[in-house]
Q: 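First the structure, then my questions, so here it is.
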Amino acid sequence: MNPIDDFISATLKERENNDSIRSLKPESSLIDFCSNDYLGFARSPELKAAFEKEIGKHPDYFLGSTGSRLLSGNNEFTEDLESEIAGFHNSEASLLFNSGYDANIGIFASLPQRGDTIICDQFVHASIIDGVRLSHATRYVFKHNDLNSLEEKLKLAKGRIYIAIETVYSMDGDEAPLQEICALAEQYNAAVIADEAHAIGVFGRQGRGLADQLGLNSRIFARIVTFGKALGVHGAAVIGSMQLRTYLINYARSFIYTTASPILNHLAVKVSYAFLQNRDHQSKLNERIEAFKSGLDPLINIISSRSAIHALLVPGNVEVREKAKSLQSSGFDVRPILSPTVPQGAERLRISLHNHNSIAEILNLSNTLNQIL
Ligand SMILES: Cc1ncc(COP(=O)(O)O)c(C=O)c1O
């Protein structure tokens, strides 16, 4: 074997030995308790019909965008969509990215400069971490949702200061203390960049997110919204000032050096935002969240959450895998979250609830969890 194959084989072996090897699985026919399709939009026949109707209004659409937004990949429809999204989120401007991953890489790698400081919550998403790694700014990490720890780092910070958080954490389902973080940010003249990936559709007026629910839109420098979760489609946007939008168009490499997503995707985003606003999806989801929580034995080790994400701690990769297998054999699509995705000892069953889960299915899941945990 050549040295590269040796390296690959040894590294994969290590994962196998730790019981943390990842592999792709085909789609599942079990009851969905693992997708991010919280409102059931991705599978909604009504939304699909609205999408097809929208396509009918653009009979000459191109299958591909044919280039970067800065070259041949831009069009009026996309720019109008960006204005609409900005308006919905009560902001001056928005800029689309091909994914939430790209949006976070784009803003964090381009905006903070050498001599600046980025202070991240310990549990921010990998896309934020990767964006920060690409930046030349100094990086500090504060303990998850711990305001004292954040303030300690703020005291050490130099240059322009950025605070990177999620409003709802993807693996824990808990919320950032947003009000207090904004107050600290103002005290230290720092800019908050908040990833709302798991809050959109779930919190705020018509699903505008947690910042909106708390009346904090104008106190947050930039929000990242993603379309691949509650909105059921694909892509993302950075929401902020017109000046920030212009800056990202000029400097965010994950915006500049990539083929724009096709208009079909933008049509889907448009109809999905419209669908979000034409009905109260949140009450239905909240009813399901309440049913799940009230059905669970209070002794179960669960991270407190008001969101669609519920983390039940089962330490150990082998142990959590076994519990997930047992749930799967009872018909529930529940996946284990292993270390190193979460810290060792904090392995968990990550259960997400959806509007396409019936209350009976949810109570059945709670009962089964009460028996096996
Ligand atoms: C908090 C958070 N931010 C960003 C992303 C990335 O978004 P996308 O899936 O659109 O790339 C995810 C999704 O995994 C996420 O959970």
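Only this structure's heavy atoms are used, side chains among them; waters, hydrogens and symmetry mates stay out. Read the numbers this way: they start at 1 and go in the same order the structure lists the ligands and their atoms. Since the model is a prediction, treat every value here as computed from it, not as a measurement.
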Q: At a non-hydrogen distance cut-off of under 4.0 Å, which region of H234 contacts ligand 1 (side chain, backbone, both, or neither)?
A: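 The answer is neither; H234 stays 4.0 Å or more away.
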Q: Given that the side chain starts at C-beta and the backbone is N, CA, C, O, which of these parts of S99 lies under 4.0 Å from ligand 1, counting heavy atoms, or is it both or neither?
A: both
Q: Measure the distance from atom 8 (P) of ligand 1 to every protein heavy atom, then report the residue, atom name and distance (to 0.1 Å) of the closest one.
A: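 For this ligand atom, the closest protein heavy atom is G100 N, 3.3 Å.
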Q: Heavy-atom pairs closer than 4.0 Å: do any link ligand 1 to the side chain of N36, the backbone, both, or neither?
A: neither
Q: Looking only at protein heavy atoms, identify the closest one to atom 11 (O) of ligand 1 and say how far it is in Å.
A: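 Going atom by atom, the protein heavy atom closest to atom 11 (O) of ligand 1 ends up being Y101 N, 2.9 Å.
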Q: Go through ligand 1 atom by atom and flag the ones less than 4.0 Å from a non-hydrogen atom of N104.
A: 3 (N), 4 (C)
Q: Give a yes or no on whether E14 atom CD has more than 12 heavy-atom contacts from other residues, nucleotides or ligands under 6.0 Å away.
A: no
Q: Check for me whether the distance between the ring centres of F275 and H281 falls short of 6.0 Å.
A: yes
Q: Tell me whether the guanidinium CZ or amine NZ of R208 lies under 6.0 angstrom from the six-membered ring centre of F203 and within 45° of its axis.
A: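 Verdict for F203: no cation-pi partner in R208.
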Q: Fit a plane to each ring of Y273 and F227, take the angle between them on a 0 to 90° scale, and name the class: parallel (under 30°), tilted (30 to 60°) or perpendicular (over 60°).
A: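 Taking F227 first and then Y273, their aromatic rings stand perpendicular (interplane angle over 60°).
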Q: For H144 and D121, test the side chains for any donor-to-acceptor distance below 3.5 angstrom and give the result as yes or no.
A: yes
Q: Please list the nearest protein heavy atom to atom 16 (O) of ligand 1 with its residue and the distance rounded to 0.1 Å.
A: H198 NE2, 2.6 Å
Q: Among all protein heavy atoms, pick out the one at the shortest distance from atom 13 (C) of ligand 1; state its residue, atom name and that distance to 0.1 Å.
A: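 It is K229 NZ, 2.5 Å.
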Q: Is it true that F292 and H310 have ring centroids separated by less than 6.0 Å?
A: yes
Q: Heavy-atom count check: over 12 atoms from other residues, nucleotides or ligands less than 6.0 Å from N189 CG?
A: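 Atom CG in N189 is not packed in, count stays at 12 or less.
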Q: Would you mind running through ligand 1 and noting each atom that sits below 4.0 Å from a heavy atom of S170?
A: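 Matching atoms, with element in brackets: 16 (O).
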Q: Between E92 and S241, is any side-chain donor less than 3.5 angstrom from a side-chain acceptor?
A: no
Q: Which of the atoms in ligand 1, numbered in the order shown and given with their element, are less than 4.0 Å from a heavy-atom of E166?
A: 1 (C)
Q: Is the shortest distance from a heavy atom of S127 to ligand 1 less than 4.0 Å?
A: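 Flag set, S127 near ligand 1.
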Q: How far is atom 12 (C) of ligand 1 from its nearest protein heavy atom, and which residue and atom name does that atom have?
A: H125 NE2, 3.3 Å
Q: For R321, I'd like to know if atom CZ has over 12 heavy atoms of other residues, nucleotides or ligands within 6.0 Å.
A: yes
Q: Going by heavy-atom distance to atom 4 (C) of ligand 1, choose the closest among D195, D102, I128, N98.
A: D195
